[in-house]
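All values below come from the heavy atoms of this structure, side chains included, with hydrogens, waters and symmetry mates left out.
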Amino acid sequence: QVQLVESGGGLVQAGGSLRLSCVVSGLTFSSADMAWFRQAPGKEREFVTAISRSAGGTDYADSVKGRFTISRDNAKNTVTLQMNNLKPEDTAVYYCAGSLSPGLPREQRRYEYWGQGTQVTVSS
């Protein structure tokens, strides 16, 4: 059984930082591209960032470029999202996702595996 477990969410003031982690089990982690998506209240879930299985490639939504950094440790089956200079509009539930499809997909339908989500709230 594949499990993705996120942690690290919380409440932070605008301009602050948070670090999200996602630990994956039941999956050959090094065979999956990993991504973070988020869903704000009343909005559709959206792509945030992705990292290739070898960590050789990354992709970022324009809204987070320069502020967020994705990384992974294949030895620990973990993908991490470092979020700096947080803004109130970053408030959302953040989901970790894994895809066996190569190419750093942005489409949700290409991700087979999902975590339960972790809440990030940024106050102004």
Side-chain angles (χ1 to χ4, degrees):
Q1 180 181 1
V2 178
Q3 286 190 314
L4 286 72
V5 180
E6 301 101 333
S7 62
L11 174 65
V12 65
Q13 288 189 334
S17 298
L18 279 176
R19 186 179 180 88
L20 306 183
S21 294
C22 173
V23 179
V24 180
S25 60
L27 174 70
T28 304
F29 185 68
S30 59
S31 297
D33 287 355
M34 299 299 299
W36 290 92
F37 289 78
R38 67 186 181 186
Q39 186 167 21
K43 295 187 177 181
E44 293 186 354
R45 190 158 55 183
E46 65 176 3
F47 172 82
V48 176
T49 180
I51 186 167
S52 66
R53 54 208 66 195
S54 67
T58 56
D59 185 25
Y60 294 91
D62 288 344
S63 59
V64 306
K65 201 171 294 184
R67 300 187 298 121
F68 290 11
T69 302
I70 189 171
S71 61
R72 66 188 293 162
D73 184 339
N74 285 354
K76 296 182 178 179
N77 287 11
T78 300
V79 59
T80 299
L81 180 63
Q82 177 66 44
M83 305 185 294
N84 297 328
N85 190 22
L86 283 160
K87 304 176 180 180
E89 52 263 43
D90 294 318
T91 294
V93 177
Y94 283 71
Y95 297 91
C96 173
S99 173
L100 298 179
S101 302
L104 296 179
R106 289 192 172 200
E107 302 87 354
Q108 297 181 49
R109 60 180 175 82
R110 294 183 63 186
Y111 286 83
E112 300 94 333
Y113 308 107
W114 292 84
Q116 80 288 350
T118 185
Q119 176 70 47
V120 171
T121 303
V122 184
S123 63
S124 57

Where [X] and [Y] come nearest, the two heavy atoms and their spacing:
X    : Y    : result
S124 : A14  : CA-CB, 4.3 Å
L27  : N77  : O-ND2, 4.4 Å
V120 : G9   : CG2-CA, 4.2 Å
D33  : S101 : OD2-O, 3.5 Å
S30  : N74  : CB-ND2, 3.8 Å

S99 and E112: CA distance, side-chain angles, deciding distance, side-chain contact (heavy atoms from CB on, under 4.5 Å) verdict:
CA-CA 6 Å; S99 173; E112 300 94 333; 3.9 Å; yes
My understanding is that only residues two or more places apart in sequence, or in another chain, count here; which of them pass side chain to side chain contact (heavy atoms under 4.5 Å, CB included) with Q3?
Q1, S25
Can you tell if the side chain of [X] reaches within under 4.5 Å of the side chain of [Y], non-hydrogen atoms only?
X    : Y    : answer
L100 : Y113 : yes
Q13  : S123 : yes
L11  : Q119 : no

Among all residues two or more places apart in sequence or in another chain, which pass the salt bridge (Lys or Arg N to Asp or Glu O under 4.0 Å) test with [X]?
X    : answer
K43  : none
D90  : R38, R67
E107 : R110
R45  : none

Can you list the residues that meet the side chain to side chain donor-acceptor pair (under 3.5 Å) rule with T58, with sequence neighbours excluded?
none
Roughly how far, to the nearest 0.5 Å, is [atom2] of [Y] from [atom1] of [X]?
X   : Y    : atom1 : atom2 : value
R53 : S31  : CZ    : OG    : 6.5 Å
L81 : S71  : CG    : OG    : 8.5 Å
T49 : R106 : OG1   : CZ    : 8.5 Å
D59 : I51  : CG    : CD1   : 11.0 Å
L4  : Q116 : CG    : CD    : 8.5 Å
T80 : L20  : OG1   : CG    : 8.5 Å

If a pair satisfies disulfide bond (SG atoms under 2.5 Å apart) and one of its residues is in residues 85-124, list it, with sequence neighbours excluded.
C22-C96
Disulfide bond (SG atoms under 2.5 Å apart) contacts touching residues 33-78 (sequence neighbours left out):
none
Hey, could you give me each pair passing salt bridge (Lys or Arg N to Asp or Glu O under 4.0 Å) that has a residue in residues 9-32? Not counting sequence neighbours.
none
Which pairs pass salt bridge (Lys or Arg N to Asp or Glu O under 4.0 Å) with one or both residues in residues 68-83, sequence neighbours excluded?
none
Between V48 and Y95, is a side-chain contact (heavy atoms from CB on, under 4.5 Å) present by the stated rule, with each step listed?
CA-CA 10 Å; V48 176; Y95 297 91; over 6 Å; no
Might you work through the side-chain contact (heavy atoms from CB on, under 4.5 Å) test for L18 and V122, ending with a clear yes or no?
CA-CA 10 Å; L18 279 176; V122 184; 6.0 Å; no
Members sharing V23's hydrophobic cluster (side chains within less than 4.5 Å):
none
Evaluate side-chain contact (heavy atoms from CB on, under 4.5 Å) for V24 paired with M34, printing each intermediate quantity in order.
CA-CA 10 Å; V24 180; M34 299 299 299; 3.9 Å; yes
Considering only residues two or more places apart or on different chains, which pairs with a residue in residues 30-88 satisfy ring pair (Phe, Tyr, Trp, His ring centres under 6.0 Å)?
F37-F47, F37-Y111, F37-W114
Mind checking whether F29 and V2 sit in one hydrophobic cluster, side chains of I, L, V, M, F, W, Y counted as touching below 4.5 Å?
yes
